Amino acid sequence: MSNLIDFTKRFGESLSQKVKLSNYSWFNLGGNAEFFFKPKDKSELLEFFKEVKKNDIKTIFLGAGSNTLFRDNGVKGAVIKLGKNFSFTKLIGKEIIEVGAGTLDRKVADFAKENNLTNLEFLSCIPGSIGGAITMNSGCYDHDISQILISIRAIDKKKCKEIEIKKEDINFVYRGNDLSEDLIITSAKLKGLLDKKEVIEKKQIDFINRKKLSQPSKIKTCGSTFKNVSNEKKAWKLIKESGCDKFEVGDAIISQKHCNFFVNKGNAKSKDIENLIQKVKKTVYDKTKINLELEIKIIGD
Ligand SMILES: Cc1cc2nc3c(=O)[nH]c(=O)nc-3n(C[C@H](O)[C@H](O)[C@H](O)COP(=O)(O)OP(=O)(O)OC[C@H]3O[C@@H](n4cnc5c(N)ncnc54)[C@H](O)[C@@H]3O)c2cc1C
């Protein structure tokens with residue numbers, strides 16, 4: 001116990017207790033985090049990993065929470081969200097940008113445009129952070145982050161040391177990669193291609209408009225709930241064709257604009273979203289024998 005008191009004191013305002021996770025997920029759902037840690041810099045993060053190891057405290061990493069559903073009972077252990085010093089954009093070569101892992105994707109897209117770099121426009125359509133985008137290999141309209149990644153820097157929470165990993169040494173797949181779950185990404189180097197600003201701007205606006213037409217906005221959702229099975233077998237199509245698009249559980253509903261987007265209408269519980277997920281998954285399986293795989297991450301006890 002006294003160890004734990006030392007631990008909470010040691011990190012001052014960077015470490016809080018009993019923090020409402022609903023404020024950190026786009027679903028606006030979830031119980032409390034036992035500990036919530038927002039490191040100021042890498043040395044504080046390294047120090048924290050040494051302490052949690054000593055105290056046997058479980059840790060999970062969080063970006064912008066646009067792909068994460070926290071359970072109603074919250075998280076035992078520490079949720080780590082990178083503090084503001086991990087949010088930066090730097091031009092380090094004619095066509096190379098270094099970004100902090102906490103930087104929002106749309107800020108990176110805007111920074112690339114300001115520096116006349118194309119191929120990063122799709123990031124303006126993804127509401128997460130760079131750390132989340134690399135973990136999820138996020139993308140849209142035939143682009144994804146693996147295509148523009150050069151390398152990442154990350155801290156290994158068990159070894160308590162920082163490493164750099166080249167893109168060639170990471171196996172990216174659709175909405176994922178094979179990086180160890182012990183790594184918290186702290187920054188990344190991304191590559192663009194020089195082009196005219198007007199061309200980049202037009203492409204960016206075009207992507208944003210396409211998104212507005214096909215996806216709902218200003219709702220409590222984490223985007224696509226399930227991964228697409230293939231180009232022909234999109235998850236939304238399977239959901240619609242299996243007759244699930246009008247399913248609801250309490251205040252957990254399915255967007256009528258994009259039926260792979262599950263939504264907290266207002267007073268849903270995380271359990272309602274999870275039950276809705278199970279109901280849709282079972283119905284799609286019964287009708288098609290296809291097992292839909294989750295794209296969103298469900299965290300908690
Ligand atoms: C309206 C809407 C539209 C969306 N459209 C798209 C789309 O077009 N394409 C698409 O691919 N996705 C889309 N998404 C899903 C989501 O935005 C992406 O998956 C996004 O990249 C998640 O980033 P995040 O920072 O919010 O991650 P979080 O939800 O915070 O975390 C997701 C995962 O990444 C891990 N993680 C986060 N940061 C780090 C880090 N620094 N180090 C290690 N692990 C980390 C977490 O542990 C977790 O496993 C959409 C979501 C919404 C709400």
Side-chain angles (χ1 to χ4, degrees), residues 21 23-30 37-39 42 45 49 58-70 75 77-83 86-87 99-109 121-147 152-157 162-163 165 170 172-177 179-188 207-208 210-212 214-228 234-236 255 257-258 260-264 294-300:
L21 289 168
N23 291 333
Y24 294 95
S25 159
W26 275 58
F27 273 123
N28 199 214
L29 292 172
F37 182 58
K38 251 184 135 171
K42 283 187 208 172
L45 184 55
F49 284 137
K58 196 179 82 181
T59 53
I60 71 134
F61 310 142
L62 179 67
S66 66
N67 201 52
T68 300
L69 173 67
F70 289 112
V75 171
V79 172
I80 302 176
K81 183 174 166 69
L82 297 174
F86 293 89
S87 179
V99 294
T103 318
L104 289 177
D105 299 333
R106 64 178 164 72
K107 291 203 169 162
V108 177
E121 297 86 346
F122 73 99
L123 286 173
S124 47
C125 299
I126 299 169
S129 66
I130 289 296
I134 294 168
T135 305
M136 298 308 302
N137 193 14
S138 298
C140 54
Y141 307 128
D142 299 325
H143 294 265
D144 64 48
I145 197 145
S146 72
Q147 297 164 358
I152 63 161
R153 292 191 81 84
I155 293 179
D156 186 313
K157 69 176 181 185
E162 191 184 25
I163 48 173
I165 308 175
I170 308 171
F172 279 100
V173 293
Y174 165 62
R175 299 296 172 262
N177 63 50
L179 283 168
S180 156
E181 288 186 359
D182 292 340
L183 296 177
I184 183 163
I185 302 161
T186 51
S187 65
F207 282 172
I208 293 172
R210 278 168 77 182
K211 274 268 163 172
K212 277 191 192 146
S214 65
Q215 292 182 358
S217 57
K218 300 194 175 77
I219 51 167
K220 294 169 180 175
T221 182
C222 273
S224 291
T225 310
F226 296 106
K227 293 178 186 170
N228 291 323
K234 300 259 190 209
W236 71 264
S255 160
K257 195 163 178 183
H258 191 309
N260 195 20
F261 278 42
F262 290 19
V263 181
N264 166 14
L294 274 184
E295 176 167 330
I296 62 164
K297 305 277 186 193
I298 302 180
I299 308 287

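Remember, predicted model here, so these are calculated numbers, not experimental data. Indexing begins at 1, ligand by ligand and atom by atom, following the structure's order.
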Would you mind listing which atoms of ligand 1 come within a distance below 4.0 Å of any non-hydrogen atom of Ala133?
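Close to Ala133: 21 (O).
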Using a strict cut-off of 4.0 Å, indicate which atoms of ligand 1 neighbour a heavy atom of Ile184.
41 (N), 42 (N), 43 (C)
Does ligand 1 have any atom that is closer than 4.0 Å to a heavy atom of [X]?
| X | result |
| --- | --- |
| Ile219 | no |
| Arg175 | yes |
| Glu181 | no |

Protein contact of [atom] - nearest heavy atom, named by residue and atom, plus distance:
| atom | result |
| --- | --- |
| atom 48 (C) of ligand 1 | Lys297 CG, 4.1 Å |
| atom 13 (C) of ligand 1 | Ile126 CG2, 4.3 Å |
| atom 1 (C) of ligand 1 | Phe261 CE2, 3.9 Å |
| atom 6 (C) of ligand 1 | Lys211 NZ, 3.8 Å |
| atom 11 (O) of ligand 1 | Gly139 N, 3.0 Å |

Can you tell me how far CG of Asp144 sits from CD1 of Ile134, rounded to the nearest 0.5 angstrom?
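Rounded to the nearest 0.5 Å, the CD1-CG separation comes to 11.5 Å.
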Give me the ring orientation class for Phe262 and Phe226: parallel if the planes are under 30° apart, tilted from 30 to 60°, perpendicular past 60°.
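Ring orientation of Phe262 relative to Phe226: perpendicular.
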Nearest to atom 41 (N) of ligand 1 by heavy atom, Ile185, Thr186, Thr221, Leu123: which?
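Residue with the shortest heavy-atom distance to the ligand atom: Ile185.
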